[in-house]
Structure formats: structure tokens, C-alpha cells
Amino acid sequence: MNHLGHHLCNPDCHIPQQRLSELTHSLTQMEGVTPIFKALADETRVKIIYALLQEPNLCVCDLAQITDLTVSAASHHLRLLKNLGLARSHKEGKLVRYCIHDEHVKIILEEALNHCTHLPR
């Protein structure tokens with residue numbers, strides 16, 4: 001049914017109402033996913049994540065140089081990645097180093113890369 005309560009499909013093609021309700025309810029699990037994909041939709045942030053996968057424990061200066069950003073811009077991207085649980089930081093004296101948050105972030109990026117290699121060109 002659409003937002004007006006009318007069926008949009010031919011009566012012969014839609015699945016039972018109970019299953020539609022289950023699917024509709026299950027979509028609530030996806031609410032936290034969209035911000036992660038929005039963050040990863042930015043090429044610079046993907047490059048930062050990729051750099052952190054290649055070389056954990058980079059400082060903001062290293063990441064700024066690698067991605068051709070100012071330190072301020074790199075710091076902004078890192079703050080967003082940290083807030084979304086994609087990256088984390090730890091202090092070594094006065095120096096702050098960054099790495100990916102956990103294995104899940106690695107899997108997301110690796111699977112996206114794998115998918116790209118299988119797409120027709």
C-alpha cells in the first residue's frame with residue numbers, strides 16, 4: 001500500500017499482507033546505516049579509511065599529506081569518521097594517531113572494492 005492506503009500492484013503480484021508488515025517493520029533496523037553510507041559517499045573520507053587500512057596509526061598531518069588536504073580539513077573528516085564509529089584515535093604523548101574502528105569497517109571497504117572489480121566496464 002502507498003501512503004494513502006491504496007495497493008499499487010496488481011492483486012496477483014503482491015505478497016501477503018503479513019509478510020509486507022514484517023518487511024516494513026524490519027526496515028527500522030536500517031536507520032543507523034544511512035549516515036555511514038553518506039560518510040563513505042565522500043571520496044576524501046574513503047581515501048582516509050583506505051589509508052588507515054593500509055597503514056594504521058597515522059597522525060592527522062600524515063593523513064593531510066596523503067590526501068592532499070589541509071590539516072584542518074583532514075581533522076574535520078576524521079572527526080566525522082570518529083563520530084560515526086568508522087575511525088578511532090589514541091594519544092601517544094602529545095600526538096594523536098588514527099586507525100579504523102574495527103574489522104567491520106575493513107569488511108565494508110573490501111566488499112565495496114570487490115564489487116567494483118566485478119562490475120562491467
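Note that the coordinates shown come from a computational prediction; the quantities given were computed from them, not determined experimentally.
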query = Should Ile100 and Lys106 be marked as a side chain to side chain contact (heavy atoms under 4.5 Å, CB included) after you check the CA-CA gap, both sets of side-chain angles, and the distance that decides it?
reply = CA-CA 8 Å; Ile100 63 166; Lys106 178 181 178 183; 3.9 Å; yes
task = Could you walk me through whether Arg97 and Ser89 pass side chain to side chain contact (heavy atoms under 4.5 Å, CB included), step by step?
result = CA-CA 5 Å; Arg97 296 203 176 268; Ser89 65; over 6 Å; no
inquiry  = Let's go through His77 and Arg45 carefully: what are the C-alpha distance in whole Å and the side-chain angles of both, what is the deciding distance for side-chain hydrogen bond (donor to acceptor under 3.5 Å, both in side chains) to 0.1 Å, and is it a yes or a no?
reply    = CA-CA 6 Å; His77 287 291; Arg45 288 190 284 270; 3.1 Å; yes
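Considering every non-hydrogen atom in both Leu58 and Glu55, the closest pair reads CG-O, 3.1 Å. Here the closest heavy-atom approach between residue Pro35 and residue Gly32 is recorded as CD-O, 3.4 Å. When all heavy atoms are compared, the tightest approach of Leu78 to Val60 is CD1-CG2, 3.8 Å. The nearest pair of heavy atoms linking Asn57 to Cys99 is N-CB, 4.1 Å.
Between the CD1 atom of Ile108 and the CD atom of Glu103 there is a distance of 11.0 Å, given to the nearest 0.5 Å. A distance of 11.5 Å separates CG of Asn114 from CD1 of Ile107, quoted to the nearest 0.5 Å. For the atom pair Met30 CE and Leu27 CG, the distance stands at 8.0 Å (nearest 0.5 Å). Atoms CG and CG, from Asp62 and Leu52 in turn, are 10.0 Å apart once rounded to the nearest 0.5 Å. The distance from the CZ atom of Arg79 to the OH atom of Tyr98 is 8.0 Å, given to the nearest 0.5 Å. Atom NZ of residue Lys82 and atom NE2 of residue His101 lie 10.0 Å apart, to the nearest 0.5 angstrom.
His90 places a side-chain heavy atom less than 4.5 Å from the side chain of Glu92.
A side-chain donor-acceptor contact under 3.5 Å links Thr24 to the backbone of Leu20. Under a 3.5 Å cut-off, the side chain of Ser26 and the backbone N or O of Leu23 do form a donor-acceptor pair.
The 12-atom threshold is exceeded at CD of Glu22, counting heavy atoms of other residues, nucleotides or ligands nearer than 6.0 Å.
The cluster map of Ile, Leu, Val, Met, Phe, Trp and Tyr, joined by side-chain heavy atoms under 4.5 Å apart, puts Val96 and Val71 in the same cluster. There is a path of hydrophobic side-chain contacts, each under 4.5 Å, that joins Ile48 to Leu53.
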